[in-house]
Amino acid sequence: MEEGEANKESEVAPALIAVHPSQKSVAVAVGPTLRVFDLHAGSAASLIDDSSVPFHRDSIRAIRFGSKGRLLVSAGDDKTVRIWSTENWRCICTVSSEKRVSAVAISNDGSYVCFADKFGVVWVVDLAGCDGDQPLVDKKATPLLSHYCSIITNLEFSPDGRFIISADRDFKIRVTIFPNKPLSGAHEIQSFCLGHTEFVSCIAFIHDQDCPQGLLISGGGDSTVRLWDPSSGELLDTCEVAVKAGVAESNDDAKEHAYAVTDLCSIMDGSLVAVALQSLHGIILLKCNLSARTLLVAKVISIAGEAFVPTCLGTSSCTGILWMVTGVSSLPGSVARVRAISGFDVEQDPAVVEDDKIPGGEKLLETLQGSTSVDENAFMAAAEAVKTAMCNLLIKKQYSTENRETRKRTRNDRKLKTQQS
Amino acid sequence: MPGNEVNSTLSKSTGLPRKRFYRARAHSNPLSDSHFPVPISPSHVDYSLHYPEYFPPSDQANNPKKIQFADIGCGFGGLLISLSTLFPETLMIGMELRDKVTEYVKERVLALRAANPGQYHNVSVVRTNSMKYIPNYFEKAQLTKMFFLFPDPHFKEKNHRRRVISPHLLDEYAYALEVGGIIYTITDVEELGDWMKSCLENHPMFEALTEEELEGDPCVKLLGTATEEGQKVARNGGQTYRAVYRRTALSDQTPQT
Ligand SMILES: C[S@@+](CC[C@H](N)C(=O)[O-])C[C@H]1O[C@@H](n2cnc3c(N)ncnc32)[C@H](O)[C@@H]1O
């Protein structure tokens with residue numbers, strides 16, 4: 001493949017979904033477009049940002065509600081982090097980043113926003129003074145920690161707020177103590193969770209009353225979901241999801257066909273974990289036993305009747321609904337497809353929700369998808385594009401010396417430098 | 001490789017090789033792709049390869065001994081060779097990025113072992129990028145000493161992030177070092193000396209050794225004399241700048257609620 005082509009493909013961004021913790025609203029991001037549906041009002045939320053239209057000028061790479069539900073954060077390739085009030089959907093704060101942003105997280109008490117840039121540095125923003133009534137404030141970020149020159153794929157706070165977890169494309173998961181004064185950096189590393197043999201794409205916590213501090217789960221390019229004790233970094237269990245769910249014949253086969261785990265989502269605080277896999281039309285449901293510390297495939301939920309490979313999963317802690325989106329920034333009109341699975345909370349089998357039964361109904365779909373009816377062929381192409389993009393981004397390329405020299409010569413930042421000097 | 005039976009890679013209907021057994025790997029594991037292998041975790045480090053005398057391959061009994069000294073960017077290995085006889089019961093390793101240099105150190109150690117029966121079995125070297133893979137080699141608090149002797153200076157401001165001592169990398173070194181463990185740095189570049197000192201000084205988990213402690217530490221004497229780079233600087237009568245710091249416990253540990 002030509003270098004240029006590969007570069008362009010790695011710019012392709014998957015559609016993202018985030019659900020308000022009490023399911024008051026659902027947000028979808030496709031490319032630079034951020035859409036929110038307010039389920040309480042039963043209508044699209046109109047986002048307001050006085051400083052900037054459009055809000056994001058390049059693909060959004062991360063969206064996230066705070067655990068209290070007061071904030072929504074969006075960030076990405078345009079090197080901005082936007083913090084929205086979920087009360088009035090105003091952008092209450094914009095933070096500039098030197099580099100593209102790859103992940104965001106909000107501390108459990110809602111007082112800090114953390115984001116990771118493409119060079120592996122995690123930054124922290126103190127939200128004091130940011131609230132819905134104030135005019136827009138420009139906030140500065142301070143460095144919190146760093147993974148040396150690695151793309152950070154995911155950031156997560158532990159349920160008890162003690163740790164901030166960062167996962168990267170170099171197979172690493174770092175567990176760092178989130179300090180009292182984060183603005184002076186997070187220096188104390190609690191553990192590294194090492195065991196993945198490819199990039200780590202997603203992490204999540206599962207916890208219950210008996211285990212309030214929670215256990216960590218992660219998924220990655222090696223087609224496995226792993227269970228960790230974040231305090232010690234101990235690998236507790238490994239589930240070769242693609243093989244166990246019968247999608248691939250062997251784990252080598254799974255890796256070769258790039259059944260990378262794209263996203264993970266713990267449902268109802270975690271006895272169940274939904275897993276999205278590249279090329280899988282549906283999700284795999286894992287059962288997590290917190291006391292036995294095991295992960296088992298419970299079932300595969302297929303999405304019948306249409307080609308739907310989810311690019312992102314979301315849920316709220318209080319409802320038993322799993323939200324899924326598929327789409328990609330390169331589709332015209334930034335269209336996406338949203339689906340939901342319900343019935344995790346009762347003794348019945350979880351089932352894919354029909355469009356007319358989805359919370360918010362047609363209106364929600366129209367808002368979040370950008371259209372009511374979408375051509376499913378487009379999404380198959382989208383799934384492929386996302387797959388390629390993810391691999392290009394997260395799997396390190398081997399450059400020949402010659403290529404490397406050309407790259408150096410054609411790098412934009414260098415060109416700028418030479419022009420200036 | 002798939003298929004022990006010869007025919008399984010051939011399609012039953014066409015007799016042709018089945019594509020799925022022949023298609024190029026969609027991607028390969030960067031660990032093995034990099035020019036050097038990286039252990040998945042510290043428990044994957046093969047001690048029997050590095051220290052066969054302490055970990056005979058036949059011996060199934062688990063020797064709990066672990067590497068305690070790391071010489072980062074060890075170059076031609078002069079420091080390790082001196083430390084090896086000074087601390088004959090301590091396992092130590094050099095980490096070096098350059099392939100040829102690493103090979104040289106390997107040969108040097110093997111030759112020393114052959115020429116001095118019973119000695120130099122506690123020293124070894126790996127080719128790796130220490131800035132990325134320290135956590136793959138060492139568990140939390142495993143190391144008692146880390147050495148950074150005459151590291152590359154990377155003068156330009158925008159290249160400071162390539163320096164082996166930096167505020168963020170010190171977090172990782174603090175992780176690998178036990179409380180009380182010591183980090184030794186020395187350079188002949190004044191600006192780098194100032195930089196390393198200020199990084200360590202400003203880090204909440206390191207404190208400077210006192211003059212007396214420096215006097216009493218046999219390793220300190222080796223910093224400017226034991227390595228090839230140090231000897232070169234000394235021959236040319238160059239000045240050196242050292243910073244030696246101890247890993248301390250962090251006082252502010254109360255978690256955020
Ligand atoms: C100037 S030499 C000093 C060598 C030795 N410590 C001495 O005093 O003679 C610096 C060494 O660090 C090595 N080095 C630089 N970056 C490194 C990295 N990221 N990981 C491992 N070694 C590295 C270089 O290859 C070089 O051999």
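By convention in this document, chain letters (A, B, ...) are assigned in the order of the sequence lines, proteins followed by strands, and residues within each chain are numbered from 1.
Remark: the backbone N or O of B:K132 is paired with a side-chain donor or acceptor of A:K172 at under 3.5 angstrom.
The contact between B:H203 and chain A is made entirely by side chain atoms (from C-beta outward), counting heavy-atom distances below 4.5 Å. Proximity to chain B (any heavy atom under 4.5 Å) is restricted, for A:L144, to the backbone atoms N, CA, C and O.
The local environment of CD in B:E103 is crowded, with over 12 non-hydrogen atoms from other residues, nucleotides or ligands closer than 6.0 Å. Around NZ of B:K145, the count of heavy atoms belonging to other residues, nucleotides or ligands within 6.0 Å exceeds 12.
Annotation: the span from B:N202 atom CG to A:S184 atom OG amounts to 11.5 Å, rounded to 0.5 Å. A:E188 CD to B:M205 CE: the interatomic distance, rounded to the nearest 0.5 Å, is 4.5 Å. In this structure, the separation between CD on A:E234 and OG on B:S43 is 10.5 Å, given to the nearest 0.5 Å.
Here the closest heavy-atom approach between residue A:S191 and residue B:Y175 is recorded as CA-CE1, 4.0 Å. Taking both residues in full, the closest heavy atoms of B:I40 and A:G195 are given as CG2-CA, 3.5 Å, listed atom of the first, atom of the second, then distance. For the pair B:P135 and A:L194, the tightest heavy-atom approach, listed with the atom from each and the gap, is O-CD1, 3.3 Å.
Looking only at heavy-atom pairs under 4.5 Å with chain B, the residue among A:F163, A:F119, A:F192 that has the most is A:F192.
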task: Step by step, work out the side-chain contact (heavy atoms from CB on, under 4.5 Å) result for B:M131 and A:C149.
output: CA-CA 9 Å; B:M131 293 164 89; A:C149 281; over 6 Å; no
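Evaluated for a side chain to side chain contact (heavy atoms under 4.5 Å, CB included) with A:Y148, the options B:E172, B:H168, B:R162 yield exactly one hit, B:R162.
For the pair B:D171/A:R174, a side-chain contact is recorded, criterion being any heavy-atom separation below 4.5 Å from C-beta on. Annotation: side chain of A:F171 is not in contact with side chain of B:N136 (no heavy-atom distance under 4.5 Å).
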